[in-house]
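Here is the structure we will look at.
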Amino acid sequence: MAEIINLRQARKQKARAAAEKTAEQNRISFGRTKAERKLTEAERDKAARHIDGHKRDRDKPEPA
(Lines give C-alpha, C1' and ligand atoms only; values in the text may rest on other atoms or scores of the structure.)
Protein backbone atom coordinates (compact mmCIF):
# COMPACT_ATOMS: atom_id res chain seq x y z
CA MET A 1 0.00 0.00 0.00
CA ALA A 2 0.99 3.58 -0.47
CA GLU A 3 2.20 5.65 2.43
CA ILE A 4 -0.45 7.93 3.91
CA ILE A 5 0.65 11.56 4.17
CA ASN A 6 -0.95 14.58 5.75
CA LEU A 7 -1.47 17.12 2.96
CA ARG A 8 -1.47 20.07 5.38
CA GLN A 9 1.93 19.08 6.73
CA ALA A 10 3.28 18.43 3.23
CA ARG A 11 2.12 21.88 2.10
CA LYS A 12 3.75 23.54 5.10
CA GLN A 13 6.98 21.61 4.55
CA LYS A 14 7.05 22.70 0.91
CA ALA A 15 6.47 26.34 1.93
CA ARG A 16 9.29 26.11 4.50
CA ALA A 17 11.67 24.75 1.87
CA ALA A 18 10.77 27.56 -0.55
CA ALA A 19 11.24 30.17 2.19
CA GLU A 20 14.64 28.71 3.08
CA LYS A 21 15.72 28.83 -0.57
CA THR A 22 14.69 32.50 -0.79
CA ALA A 23 16.48 33.25 2.48
CA GLU A 24 19.67 31.61 1.17
CA GLN A 25 19.55 33.77 -1.97
CA ASN A 26 19.00 36.89 0.14
CA ARG A 27 21.93 36.00 2.40
CA ILE A 28 24.14 35.75 -0.67
CA SER A 29 22.85 38.99 -2.21
CA PHE A 30 22.48 41.24 0.82
CA GLY A 31 24.74 39.68 3.43
CA ARG A 32 27.93 41.30 2.15
CA THR A 33 30.00 44.15 3.50
CA LYS A 34 30.11 47.51 1.79
CA ALA A 35 33.69 46.84 0.66
CA GLU A 36 32.67 43.55 -0.97
CA ARG A 37 29.79 45.25 -2.80
CA LYS A 38 32.08 48.03 -4.04
CA LEU A 39 34.70 45.52 -5.17
CA THR A 40 32.11 43.52 -7.13
CA GLU A 41 30.74 46.68 -8.72
CA ALA A 42 34.26 47.85 -9.67
CA GLU A 43 35.06 44.47 -11.23
CA ARG A 44 31.81 44.55 -13.21
CA ASP A 45 32.52 48.09 -14.46
CA LYS A 46 36.09 47.19 -15.43
CA ALA A 47 34.88 44.16 -17.40
CA ALA A 48 32.27 46.28 -19.19
CA ARG A 49 34.89 48.91 -20.11
CA HIS A 50 37.24 46.19 -21.34
CA ILE A 51 34.58 44.67 -23.58
CA ASP A 52 33.40 48.07 -24.84
CA GLY A 53 36.99 48.99 -25.69
CA HIS A 54 37.26 46.01 -28.01
CA LYS A 55 34.03 46.61 -29.90
CA ARG A 56 34.19 47.66 -33.52
CA ASP A 57 32.40 50.83 -34.57
CA ARG A 58 29.86 49.91 -37.21
CA ASP A 59 28.30 53.38 -37.46
CA LYS A 60 31.34 54.93 -39.12
CA PRO A 61 31.73 54.51 -42.89
CA GLU A 62 34.65 52.41 -44.08
CA PRO A 63 37.66 54.41 -45.35
CA ALA A 64 37.97 54.37 -49.14
Side-chain angles (χ1 to χ4, degrees):
M1 280 193 96
E3 184 179 343
I4 298 173
I5 60 169
N6 187 329
L7 295 178
R8 177 181 51 83
Q9 289 177 344
R11 225 179 355 260
K12 286 184 177 185
Q13 189 175 25
K14 184 178 177 183
R16 275 190 228 108
E20 181 59 34
K21 184 177 179 184
T22 303
E24 180 67 28
Q25 291 172 346
N26 286 341
R27 282 194 288 272
I28 292 169
S29 298
F30 301 109
R32 301 182 314 166
T33 64
K34 188 173 185 178
E36 290 172 333
R37 287 192 306 263
K38 288 184 110 176
L39 177 64
T40 303
E41 184 179 346
E43 289 172 345
R44 190 179 312 125
D45 290 344
K46 182 180 178 185
R49 282 193 314 272
H50 180 74
I51 290 173
D52 287 344
H54 287 83
K55 286 185 179 178
R56 295 176 63 189
D57 293 331
R58 295 186 182 258
D59 296 337
K60 296 180 183 177
E62 294 291 325

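Quick note: residue numbers are just sequence positions, from 1.
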Checklist entry - Is there any ring pair (Phe, Tyr, Trp, His ring centres under 6.0 Å) pair reaching into residues 7-27, and which pairs are they, with sequence neighbours excluded? => result none
Checklist outcome for this item: So the ring pair (Phe, Tyr, Trp, His ring centres under 6.0 Å) pairs with at least one residue in residues 18-50 (sequence neighbours excluded) are His50-His54
Checklist outcome for this item: So salt bridge (Lys or Arg N to Asp or Glu O under 4.0 Å) across residues 1-13, not counting sequence neighbours, yields none
Next on the checklist: So, using side chain to side chain donor-acceptor pair (under 3.5 Å) as the criterion, who are the partners of Arg27 when residues are at least two apart?
Outcome noted: Glu20, Glu24
Checklist outcome for this item: Under a side-chain separation threshold of 4.5 Å, the hydrophobic residues clustered together with Leu7 are Ile5
Item to check | Residue pairs, two or more places apart or on separate chains, that pass salt bridge (Lys or Arg N to Asp or Glu O under 4.0 Å) and touch residues 28-52 | outcome: Asp52-Lys55
